[in-house]
Amino acid sequence: MASGAFARSLLLPVLLLHGVVSLRTETEENTTSNASEHGNSSSAVPVGQLGLESFDIGPGKHGHLTSSEQTWRRILVEQRRPKSATEILLAIGGGTGAGAGSGNATLDAEILQRMQYQDRVVLVLLLAAYFVALIFSATLIHRQATNASPIIYYADPRYSDAVVDSNDLDEYLEAFNQPPTDVQLHVRGLVPLPGLLPHVVDDSVELWQGLYYRYAFSFSLDLTPWIVAEDGEAGDVRNGMPEDDLKTLAEFLETNSNDLGRVQIRKTVSWHAWEELAMNIKHKIRQSGFTGVLQVNFKQNDVMSVYKNTPWANFLHMSSTKILCGLSIFGYILYFPYMWFRVSGPVLRSNFKIDIDVDSYWELVGNKLSAEGFRSSDR
C-alpha cells in the first residue's frame, strides 16, 4: 500500500508537467512542498467526489486520493480546462505574485497558467524582435546595392575593373576579352633546412619525403607585352574566341533575363617550347653555384567572371548579405541552394599566345640570372 501511494504521488506531478510547455522549476518545487504540507497521506476521499473517473496510477489499490493528490488533480483539471480569449489576455497581463504553492488548487493552477502564457509571449516577442532586426538590416543592404549607374555588366572587382554599358557583342568583347594581365614565368630557389629549424623559420615549406626547405630567392618574369590573340586579324576584338562561343555569348546578351546570370571567360595562354626556356634558366642558375631545388612555373590559365549590375544581383553578391545570412542561423540553408541554382551562364573559351620565341626571350634574361636569383642590371 505504501509503495502504491508513493508511486501515485510521483506520477501525478509528471502528468501535470506533460501538459505544460515551460514551468519554472523553483515554483514547481514550492507547489509540491506546500501541497504536501496541507495534506496527509492517510486522509483520502473518493475519486467520485472530485468529479473524475477512477483510474489506475500505480501498482496498489486505486479509487481514493490523498489530499496532496487531490490538489495535483485539481491543478491538472484546471490546466486542461479550455480558456476563453479574455482569460488568456488576463493571464498574460496579470501578475504571479510570489509564486504558486498556496495550497489552493484553483489559485495555484491560475498562477501556473499565467506563467505558462507569459513565458510563451516573451519567447514570441523575442523572436519577433529578432526577425524585425534581420528584415530591417536586409532592407538597408538592398538600398545600398541599388545604384543609378548606366553600367550593365562588370567584371569581378577583386581582379579587374572592366565594365560595359551596352549589350552589344563587340563592345562586350572589347571590355572583357582583353589579354590576361598576370601572365608570368615564376622562378623559385629553395635550400634544405636542418630538422629543428622549420619551427622557427616563417618562410619554410615542406616538400617531398618530409624534408623542409626555405626560399633562397623568388622572382617572376613578366610576359604580358608579348601576349596576342591566337588567331584572327590584329585589332579584332573577336580574336581568340571560337565561333560557337561567340554565338553562345550573342544569344546570352540578347535573351538572358536572369539577374544572377554570369559569364565566365576562360583565357588560356600558350607558349611554344617554354619548357626549353625553363631548362635553360635552371642550368644557368646551377652553373652560377646554386645547389638547392629550382622550380620554374608558367601560369597559363586565367578566368574572368562577368556579372550583371542589377539591385538583386548586387544585393546577393555583397559580403554584408552573406554575414546577415550567417547571423540569421538558417539563412545559409536558403542562400547556398538558391545561388547554386540561379548563378548560371555560359563558360567561354578565349585563346592567346606568347608572340616571342624562347631564344629571343633568353637573350633578354639569360645574362641577368645568378645563384642569388635575378639581377636587374649587369654587374
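Any value given below was found using the heavy atoms of this structure, including those in side chains, with hydrogens, waters and symmetry copies removed.
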Legend entry - T139 OG1 to Q144 CD distance, which is reported to the nearest 0.5 Å: 13.0 Å
Legend entry - A175 to A162 - nearest heavy-atom pair and separation: O-CB, 3.4 Å
Legend entry - L316 with I333, same ILVMFWY side-chain cluster at under 4.5 Å: yes
Legend entry - Parallel, tilted or perpendicular: ring planes of W312 versus Y338, cut at 30 and 60 degrees: perpendicular
Legend entry - For the student: nearest non-hydrogen atoms of S344 and N258, plus distance: OG-ND2, 4.0 Å
Inset, instruction - Examine distances only and state if a side-chain atom of R375 and a backbone atom of N367 form a donor-acceptor pair shorter than 3.5 Å. - result: yes
Inset, instruction - Taking the side chain as every heavy atom from C-beta outward, state whether V296 and L277 have any pair of such atoms under 4.5 Å apart. - result: no
Inset, instruction - Working to the nearest 0.5 Å, report the span between CD of E251 and CG of L169. - result: 12.5 Å
Legend entry - Rounded distance (nearest 0.5 Å) linking atom CG of N256 with atom CZ of R262: 12.0 Å
Inset, instruction - Using the six-membered ring wherever Trp is involved, compare the ring planes of W271 and F298 and label them parallel, tilted or perpendicular (cut-offs 30° and 60°). - result: perpendicular
Legend entry - Side chain to side chain, L221 and H186, heavy atoms closer than 4.5 Å: no
Legend entry - Check: S350/N177 side-chain N/O donor and acceptor closer than 3.5 Å: yes
Legend entry - H283 atom NE2: more than 12 heavy-atom contacts under 6.0 Å: no
Legend entry - Salt-bridge criterion met for D259 and K308 (N-O under 4.0 Å): no
Inset, instruction - Run the numbers on W226 and Y361 for ring pair (Phe, Tyr, Trp, His ring centres under 6.0 Å), then give the verdict. - result: CA-CA 10 Å; W226 296 279; Y361 193 80; 5.5 Å; yes
Legend entry - Spacing of L223 atom CG and K353 atom NZ [to the nearest 0.5 Å]: 15.0 Å
Inset, instruction - Using the rule that two of Ile, Leu, Val, Met, Phe, Trp, Tyr join whenever any of their side-chain heavy atoms come within less than 4.5 Å, decide whether M241 and F352 are in one cluster. - result: no
Inset, instruction - Evaluate side-chain contact (heavy atoms from CB on, under 4.5 Å) for N239 paired with N351, printing each intermediate quantity in order. - result: CA-CA 8 Å; N239 287 347; N351 302 313; over 6 Å; no
Legend entry - Connected via hydrophobic side-chain network under 4.5 Å: I354 and L364: yes
Legend entry - 4.5 Å side-chain heavy-atom contact, I152 and N167: yes
Legend entry - Closest contact, heavy atoms only, K299 versus V183: O-CG1, 3.8 Å
Inset, instruction - Please assess I281 against L185 for the test side-chain contact (heavy atoms from CB on, under 4.5 Å), listing each intermediate value before the final yes or no. - result: CA-CA 11 Å; I281 293 174; L185 198 66; 3.7 Å; yes
Legend entry - Beyond-backbone contact of R349 with T268, side-chain heavy atoms, under 4.5 angstrom: no
Inset, instruction - On the 0 to 90° scale, with breaks at 30° and 60°, tag the Y172-Y153 ring pair as parallel, tilted or perpendicular. - result: perpendicular
Legend entry - F336: partners by ring pair (Phe, Tyr, Trp, His ring centres under 6.0 Å), with sequence neighbours left out: Y332
Inset, instruction - Kindly determine whether F217 and F374 satisfy ring pair (Phe, Tyr, Trp, His ring centres under 6.0 Å), including the steps that lead there. - result: CA-CA 8 Å; F217 58 82; F374 186 82; over 10 Å; no
Inset, instruction - Determine the minimum heavy-atom distance between A216 and V191, stating which atoms define it. - result: CB-CG1, 4.1 Å
Inset, instruction - Consider only side-chain heavy atoms of I, L, V, M, F, W and Y, link residues closer than 4.5 Å, and tell whether F131 and F330 are in one cluster. - result: yes
Legend entry - Reported CD1-to-CD distance for the pair I356 and E363, which is rounded to 0.5 angstrom: 8.5 Å
Inset, instruction - Taking the side chain as every heavy atom from C-beta outward, state whether Q295 and R188 have any pair of such atoms under 4.5 Å apart. - result: yes
Legend entry - Any donor-acceptor pair under 3.5 Å from Q178 side chain to E174 backbone: yes
Inset, instruction - For the pair T248 (side chain) and D244 (backbone), establish whether a donor and an acceptor sit closer than 3.5 Å, ignoring hydrogens and angles. - result: yes
Inset, instruction - Verify the cluster assignment for V263 and Y159: are they in a single hydrophobic cluster under the rule of side-chain heavy atoms below 4.5 Å apart? - result: no
Inset, instruction - Taking the side chain as every heavy atom from C-beta outward, state whether H142 and P311 have any pair of such atoms under 4.5 Å apart. - result: yes
Legend entry - Lys/Arg-Asp/Glu bridge criterion (N-O < 4.0 Å) met for R266, D245: no
Inset, instruction - Kindly compute the distance separating NZ (K284) from CZ (F290), expressed to the nearest 0.5 Å. - result: 15.5 Å
Inset, instruction - Going by the side-chain hydrogen bond (donor to acceptor under 3.5 Å, both in side chains) test, name the single residue among N314, N309, D165 that passes it with Y154. - result: N314
Legend entry - Check against side-chain contact (heavy atoms from CB on, under 4.5 Å), L190 and R214: CA-CA 5 Å; L190 303 98; R214 67 173 178 84; over 6 Å; no
Inset, instruction - Flag the pair S270 / E230 as yes when at least one side-chain heavy-atom distance between them is below 4.5 Å, and no otherwise. - result: yes
Legend entry - Non-hydrogen side-chain atoms of K322 and Y335 separated by less than 4.5 Å: yes
Legend entry - Closest approach of A145 to F315 (non-hydrogen atoms, all atoms of both residues): CB-N, 3.5 Å
Inset, instruction - Check I227 against P180 and note the closest heavy-atom contact, atom names and distance. - result: CD1-O, 3.5 Å
Inset, instruction - Verify side-chain contact (heavy atoms from CB on, under 4.5 Å) between L260 and Y307, making sure each step is shown before the conclusion. - result: CA-CA 7 Å; L260 292 173; Y307 303 96; over 6 Å; no
